[in-house]
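Please read these numbers as outputs of a predicted model, since none were measured by experiment.
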Amino acid sequence: MNSLRRLVYKHQVSTRLINASASKRFTTANYSKSYKFKTNNNFDNFKSIKVNNHSSYNLLKELALKSTVSKPFSSTSTMLHTRVEEELHENAHIDYDRVDIQWNPSVAQLYEDALKYETGSAISSTGALVTASGIKTGRSPKDKRIVDEPGSTNDIWWGPVNTKLPEHVFLINRERAVDYLNTRSRIYVFDGFAGWDPKYRIKVRVVSARAYHSLFMRNMLIRPTPQELETYGSPDFTIYNAGAFPANRYTTGMTSTTSVSINFHMNEMVILGTEYAGEMKKGVFTVMHYLMPVKHNVLSLHSSANEGSNGDVSIFFGLSGTGKTTLSADPKRFLIGDDEHCWSDHGIFNIEGGCYAKCINLSSEKEPEIFNAIRFGSVLENVVYDSHTRVVNYDDSSLTENTRCAYPIEYIPNAKIPCISSDHPKNIILLTCDAYGVLPPVSKLSSSQAMYHFISGYTAKIAGTEEGVTEPEATFSACFGQPFLVLHPYRYAKMLADKMEHHKADAWLINTGWNGGAYGVGERIKLKYSRAIIDAIHSGELTKAEYENYDVFNLQIPKSCSGVPTDILNPSKTWKGPQETFTKTRDSLAARFVENFKLYQEQTDSEVVHSGPILPK
């Protein structure tokens, strides 16, 4: 009866490939022929059926039932399996005779399965799939591990970010994940791409137990065309997501029931103990953060990117709350991507096929592009909605502050498809939200200063945004994405500086935080001023502007900028209170920069080390 269930359920056969040895498209005719040969049942009625759409499903089911009532299938009967099933069986021992393997199912089917089988799923008033990620509503960076193996160990920046894991422990966790997947009635397999440039893209396979996870990665990876699927072949990298099943805390190297581990030798990732979908997205980025620089000499970047009508490209770096997504979503420019990119000798390309936007306090007025992208096909995570109207309350953070939506990038009206540019970036924009009110709204950086501030990755947490934070707190995240780094930050920074010099790109440090005083005294720099600064960069106005030196940080700040009050360009001139307090606050932040950079200076060029703040003696 198991074989019957497989025949009935797998009605999307027009897009499936059989075992590579047969080298034929999976059609009703060849399936029926094989089926008759294997079981001696009369399936002649199947010759008139074309199984290529949902409408034929019920008829196929009815005929299958009629033809098998008199003779149930044996548990030992042999079936013709698809190429994907054969690969999963051979490589991971997935029990393809027991588990129903759904390969690249449609969005509608994933909706149906999520609503039917996954508690907490619903459809929002705008058509998005509402899901719950369980106990974990964010990433678990302390549970991330990378396998220590000869092929990659000398390149990896071992330490707090990248913790070593013996390969035999990875295999134990892998076996645990596969054992869990084999207990499921159905699993989902999505084959997609990471990287829009065909020369550098990798084939990524995601094996998961939840429809939610499959739809999420369908949105976040680049979706293959039917023709690309036919020639897809074997994946370059595979994710086994058994997040509903915990890791064994007593396994060597495990510190909790959560484990997110990557093996560059086996080209695999295993997830246990967390159902937060963002682990898969950032896992793929971590892989690209290793493969692109090491194997292809391509710079991978945790950044957004857009392009002007004349082909000028800008890259935006920034941590949470700095305005990276907002400022790169410029209606006058085309969006290449909002989070992950690569800069090659041929230009820049997006790694992803979708966007993963924060939803807390989202409104159609503040961010209309994101708001309108939340529709059929999008995945809403951990949001609160009205049980009657299904209208989402984006201001409700009772489940988590980290409410999110994953949607295909083509849902953004001004997205550039394909997400690639043959032009090289002209402007490198480093965004920070300085809650101390001492960094200028805009500064022009030299090449070595750009490396310094790129490696530093500074912003500040604001009181009230996290439990226990009662005053501004300086935060440094190397390369504006430290949790995802695989190599030492200097390697990425050196590649960035080399490309900037080769392509004559300008670098800018933009503070979208406070001015006139620290948080609670001064005011946050108005969004319209930050947008005016970006516009002045793109127009070339700031390239030609007159500059003055800003003490201690030794930054070059413009004396004027269209659309921006002149007095706010130099923080010392708008400081509310005694000048002594300004000097003390500025020097205190500068000292934190210096202290933080001690972590990297041993492997960093001395010119870069001395491009940071110089403390007064």
Review item, side-chain donor-acceptor pairs of residues 483-499, under 3.5 Å, at least two apart:
residue: H488; atom: ND1; partner: Y490; partner atom: N; Å: 3.0
residue: R491; atom: NH1; partner: D155; partner atom: OD1; Å: 3.2
residue: Y492; atom: OH; partner: H289; partner atom: O; Å: 2.9
residue: Y492; atom: OH; partner: V486; partner atom: N; Å: 3.3
residue: Y492; atom: OH; partner: L487; partner atom: N; Å: 3.2
residue: K494; atom: NZ; partner: D498; partner atom: OD1; Å: 2.9
residue: K494; atom: NZ; partner: D498; partner atom: OD2; Å: 3.1

Query raised in the report: Ignoring hydrogens and geometry, is there a side-chain-to-backbone donor-acceptor pair from D423 to V313 under 3.5 Å?
Result: no
Requested in this report: Name all residues meeting the ring-ring contact (aromatic ring centres under 6.0 Å, His included) criterion together with Y411; count only those two or more places apart in sequence or in a different chain, and write none if there are none.
Outcome: none
Query raised in the report: Is Y550 close to P571 at the side-chain level, that is, under 4.5 Å between some pair of heavy atoms?
Result: yes
Query - Main-chain N/O of D330 paired with N414 side-chain donor or acceptor, under 3.5 Å - result: yes
Requested in this report: Using the test side chain to side chain donor-acceptor pair (under 3.5 Å), find all partners of S572 that sit at least two apart in sequence or belong to another chain.
Outcome: N570
Query - Donor-acceptor contact present, side-chain N306 to main-chain S328, <3.5 Å - result: yes
Report summary line: Those residues at least two apart in sequence (or on a different chain) that pass ring-ring contact (aromatic ring centres under 6.0 Å, His included) with Y529 are none
Requested in this report: With sequence neighbours excluded, tell me which residues meet salt bridge (Lys or Arg N to Asp or Glu O under 4.0 Å) with E523.
Outcome: none
**Report entry** Exceeds 12 heavy-atom contacts within 6.0 angstrom, atom NE2 of H503
**Finding:** yes
Query raised in the report: How would you list all residue pairs meeting salt bridge (Lys or Arg N to Asp or Glu O under 4.0 Å) that involve residues 275-300, not counting sequence neighbours?
Result: R210-E275, K281-D339, K281-E340, K281-E352, K282-D339, K282-E340
Query raised in the report: How would you list, by chain and number, every residue that makes a side chain to side chain contact (heavy atoms under 4.5 Å, CB included) with A507, sequence neighbours excluded?
Result: I428, L445, A450, M500
**Report entry** Donor-acceptor contact present, side-chain S261 to main-chain R145, <3.5 Å
**Finding:** no
Requested in this report: Decide yes or no on side-chain hydrogen bond (donor to acceptor under 3.5 Å, both in side chains) for K358 and S320, but give the supporting numbers first.
Outcome: CA-CA 10 Å; K358 286 189 174 182; S320 178; 2.4 Å; yes
Requested in this report: Run the numbers on S421 and E307 for side-chain hydrogen bond (donor to acceptor under 3.5 Å, both in side chains), then give the verdict.
Outcome: CA-CA 8 Å; S421 176; E307 182 182 63; 2.5 Å; yes
Query raised in the report: Distance-only, no hydrogens or angles: does the R531 side chain make a donor-acceptor pair with backbone N or O of L327 under 3.5 Å?
Result: no
Report task. Could I get the full list of side chain to side chain contact (heavy atoms under 4.5 Å, CB included) partners for T153, not counting sequence neighbours? Result -> D148, W158
Report task. Run the salt-bridge test on R404 and E381 with the 4.0 Å N-O cut-off and return the result as yes or no. Result -> no
Requested in this report: For T574, check side chain to side chain donor-acceptor pair (under 3.5 Å) against everything at least two apart and list the hits.
Outcome: N515
List the atom pairs, with distances to 0.1 Å, where a side-chain N or O of residues 581-589 and a protein N or O form a donor-acceptor pair under 3.5 Å, not counting sequence neighbours.
residue: T581; atom: OG1; partner: W575; partner atom: NE1; Å: 2.8
residue: T581; atom: OG1; partner: P578; partner atom: O; Å: 2.6
residue: T583; atom: OG1; partner: Q579; partner atom: O; Å: 3.2
residue: T585; atom: OG1; partner: T581; partner atom: O; Å: 2.7

Query raised in the report: Applying the salt bridge (Lys or Arg N to Asp or Glu O under 4.0 Å) test to D312, which of K426, R333, K332 qualifies?
Result: R333
Query raised in the report: Is the closest side-chain heavy-atom distance between C405 and I370 below 4.5 Å?
Result: no
**Report entry** Whether F476 and F593 hold their rings parallel, tilted or perpendicular, with breakpoints at 30° and 60°
**Finding:** perpendicular
Query raised in the report: Ignoring hydrogens and geometry, is there a side-chain-to-backbone donor-acceptor pair from K366 to N361 under 3.5 Å?
Result: yes
**Report entry** T403 side chain near Y394 side chain, heavy-atom distance below 4.5 Å
**Finding:** no
Query - Close side-chain approach of N393 and V383, heavy atoms under 4.5 Å - result: no
Query raised in the report: Does some side-chain heavy atom of L555 sit less than 4.5 Å from a side-chain heavy atom of H453?
Result: yes
**Report entry** Selection residues 429-440 - residue pairs positive for side chain to side chain donor-acceptor pair (under 3.5 Å), sequence neighbours left out
**Finding:** D434-Y458, Y436-R592
Requested in this report: Sequence neighbours left out, what pairs pass salt bridge (Lys or Arg N to Asp or Glu O under 4.0 Å) with at least one residue falling in residues 563-574?
Outcome: none
**Report entry** D506 side chain vs K444 backbone, donor-acceptor pair below 3.5 Å
**Finding:** no
